[in-house]
K.L.:
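Here it is, the structure, as structure tokens.
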Amino acid sequence: MTRGICILGATGSIGQNTLDVVARHPDEFRVVALTGSTRVEEMLALCLRHHPEVAVMVDAGAAVALREALAAHGHSRVRVESGEEALVAASTMSGVDEVMAAIVGAAGLLPTLAAVRAGRRVYLANKECLVMAGRLFMEEVQRHKVTLLPIDSEHNAIFQCLGDGQGIRRIILTASGGPFRQWPMDRLADVTPEQACAHPNWVMGRKISVDSATMMNKGLEVIEAHWLFSLTPDRIRVLVHPQSIIHSMVEYLDGSVLAQLGNPDMRTPIAHALAWPQRMESGVSSLNLVQGPALQFEDPDFGRFPCLGLAFRALEQGAGAPAVLNAANEVSVQAFLEGRIPFTGISRVVEETLEYCQPGAPESLEAVLAIDGEARRTATDRIRQAFSS
Ligand code: NAD
Ligand code: MG
């Protein structure tokens, strides 16, 4: 029996890495549904190679273009849908047993939550889901007895080192420190989007690349770890490790520290999760510790990376603060990528939005979305007032 898989965000970096692993195991998986947003060429290539039943392009014009392109290639059997409702339909359709949640940002919340509520096995790359709606999301996971497997390399590493979850002193999330770990501080204001997206160790989408450069990515991951592993913030430590060979560690009460190592290639955590509780080939080469770089470690510099401290603060504050943090970050990263604010403006907008918006704990999905919307409007206003020339 093959397992039917839906890949939300199939045209992105995680989506394509997932399809690379899936294609190595044709006896194990059936690609049932793929979703993208606007990139027609990428989706066309994926459809021709993986033959899904359904392909979703959120953008209506892109869906029309994909339908025409598929017809021109004689592949009219792929059903092409568009719109946000089509994402939910794809992640819950019959024939889908498992869902890779790899849409970037808040747009991933609804279809991922729908997959949870439909009881599918869920592979979680979209960390923004848990930052926005951690309590609600994890309650639904429990209610529907969902197997939720972390794809983020750090959380996947911790999951691998956790054993039965007993006797843990703390977890240690490693961070590369991104491209600006050693830049002169006075040059950070002039960083360009291209420089921010040139990560030293990983090839990723643009939003998470900027998040890695500000270290907001690690802050989002601290919040993600809090929800996934039920740990208070004081038991989550961040350690900078520029080589990205150790993907994270668990420290036990007796002083033992278990780490997961491997080449920095997302196909390892993806294959781990897809095969769990077994193991499968991922296409990743063996780690060479003799010829590889020496492993280094240092404490994070909270002065250079204010976003990391803001994320810890939002987690400690609780209630709606993490959802505000996430929304303000998405808006300001987009503004930075479009050249409307400087790199150093990202943390400023997030900080000001957190000060202005102090919502209570959201009790429903609607409440989460309302907090998200309000924080986006506030961040947009801050950008207009502080940065428009
Ligand atoms: P990406 O930008 O390469 O791909 C994003 C995908 O989301 C694309 O398929 C795009 O079509 C889709 N998308 C974008 N906006 C959308 C919208 N409004 N509605 C529906 N679909 C939309 O991003 P990525 O690097 O693959 O990251 C995806 C997620 O995985 C992010 O949450 C990221 O934090 C997480 N993640 C990525 C990596 C990595 O190595 N790339 C590692 C860990 C976690
Ligand atoms: Mg990560």
Side-chain angles (χ1 to χ4, degrees), residues 2-10 12-31 96-103 108 112 115-116 120-127 129-130 138 141 146-165 168 171-176 201-205 208 217-218 220-221 224-225 227-231 241 243-250 257-289 292:
T2 55
R3 299 186 265 156
I5 189 164
C6 162
I7 302 178
L8 299 169
S13 164
I14 293 290
Q16 307 239 22
N17 274 307
T18 302
L19 283 164
D20 181 287
V21 175
V22 163
R24 292 167 193 274
H25 302 278
D27 298 339
E28 190 75 26
F29 298 101
R30 253 173 315 115
V31 176
V96 167
D97 304 304
E98 342 197 303
V99 175
M100 170 60 71
I103 291 175
T112 308
V116 167
R120 304 298 194 262
R121 174 163 156 143
V122 173
Y123 306 113
L124 191 70
N126 178 267
K127 65 195 86 185
C129 272
L130 281 183
M138 294 309 289
V141 165
V146 165
T147 304
L148 179 71
L149 293 155
I151 296 298
D152 216 340
S153 56
E154 295 76 4
H155 307 73
N156 183 270
I158 288 164
F159 182 72
Q160 293 197 45
C161 299
L162 262 187
D164 62 5
I168 294 165
I171 61 172
I172 301 164
L173 290 179
T174 51
S176 71
N201 306 333
W202 302 93
V203 180
M204 308 180 287
I208 184 177
N217 183 51
K218 209 51 52 181
L220 300 177
E221 290 182 357
E224 182 185 14
W227 289 115
L228 283 175
F229 306 119
S230 302
L231 291 169
H241 162 46
Q243 292 76 31
S244 302
I245 297 295
I246 295 183
H247 298 303
S248 278
M249 306 181 236
V250 177
V257 178
L258 299 193
Q260 186 259 358
L261 288 73
N263 287 321
D265 187 322
M266 287 307 293
R267 291 177 302 173
T268 294
I270 290 168
H272 171 268
L274 291 180
W276 187 84
Q278 263 113 44
R279 294 270 176 180
M280 61 167 49
E281 271 290 344
S282 65
V284 176
S285 57
S286 293
L287 176 63
N288 188 332
L289 284 170

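The figures here come from the full heavy-atom set of this structure, side chains too, leaving out hydrogens, waters and symmetry mates.
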K.L.:
Which value, rounded to the nearest 0.5 Å, describes the distance between D265 atom CG and S153 atom OG?
P.N.:
10.5 Å
K.L.:
Judged by atom type as modelled, is there a donor-acceptor pair below 3.5 Å linking the side chain of H272 to the main-chain atoms of A157?
P.N.:
no
K.L.:
Testing E224, E221, Q160, K127 one by one against H155 for a side chain to side chain donor-acceptor pair (under 3.5 Å), which residue passes?
P.N.:
E224
K.L.:
Identify the heavy atoms of G15 and I7 that sit nearest to each other, and give their distance.
P.N.:
CA-CG2, 3.9 Å
K.L.:
In sequence, state the C-alpha distance, the side-chain angles, and the governing distance for E154 and K218, and then conclude on side chain to side chain contact (heavy atoms under 4.5 Å, CB included).
P.N.:
CA-CA 10 Å; E154 295 76 4; K218 209 51 52 181; 2.7 Å; yes
K.L.:
Can you find a heavy atom in the side chain of V22 that is under 4.5 Å from one in the side chain of M100?
P.N.:
no
K.L.:
Can you tell me if H241 uses its side chain to pair, donor with acceptor, with the backbone of I245 under 3.5 Å?
P.N.:
yes
K.L.:
State, yes or no, whether a side-chain contact exists between M266 and T18 at a heavy-atom distance under 4.5 Å.
P.N.:
no
K.L.:
Is there a side-chain contact between R24 and R267 (heavy atoms, below 4.5 Å)?
P.N.:
yes
K.L.:
Out of the candidates L149, I151, I5, only one should pair with L274 under the side chain to side chain contact (heavy atoms under 4.5 Å, CB included) rule; please name it.
P.N.:
I5
K.L.:
Please name the pair of heavy atoms, one in I246 and one in A259, separated by the smallest distance, quoted to 0.1 Å.
P.N.:
CG2-CB, 3.9 Å
K.L.:
Which atom pair, heavy atoms only, marks the closest approach of I103 to N126?
P.N.:
O-ND2, 2.5 Å
K.L.:
If you round to the nearest 0.5 Å, how far is CG of N217 from CG of D152?
P.N.:
6.5 Å
K.L.:
Looking at F229 and F159, what are the two nearest heavy atoms and their distance?
P.N.:
CZ-N, 4.2 Å
K.L.:
With H247, which residues qualify under ring-ring contact (aromatic ring centres under 6.0 Å, His included), at least two apart?
P.N.:
W202
K.L.:
What's the verdict on side chain to side chain contact (heavy atoms under 4.5 Å, CB included) for D97 and R121, showing C-alpha distance, side-chain angles and the deciding distance?
P.N.:
CA-CA 7 Å; D97 304 304; R121 174 163 156 143; over 6 Å; no
K.L.:
What I'd like to find out is whether the side chain of T147 reaches to under 4.5 Å of the side chain of W276, using heavy atoms alone.
P.N.:
yes
K.L.:
With respect to I158, which candidate in L228, L173, L231 satisfies the side chain to side chain contact (heavy atoms under 4.5 Å, CB included) definition?
P.N.:
L173
K.L.:
What are the two closest heavy atoms between N263 and S285, and how far apart are they?
P.N.:
ND2-O, 2.9 Å
K.L.:
Can you see which heavy atom on A225 is nearest to which on I171, and at what distance?
P.N.:
CB-CD1, 3.8 Å
K.L.:
Do you see a donor-acceptor pair shorter than 3.5 Å between the side chains of D20 and Q16?
P.N.:
no
K.L.:
State plainly whether the residues R3 and E98 are in salt-bridge range, i.e. N to O under 4.0 Å.
P.N.:
yes
K.L.:
Atom CE of M280 and atom CD1 of I270: how far apart are they, to the nearest 0.5 Å?
P.N.:
12.0 Å
K.L.:
Would you say S248's side chain and T174's backbone share a donor-acceptor pair under 3.5 angstrom?
P.N.:
yes
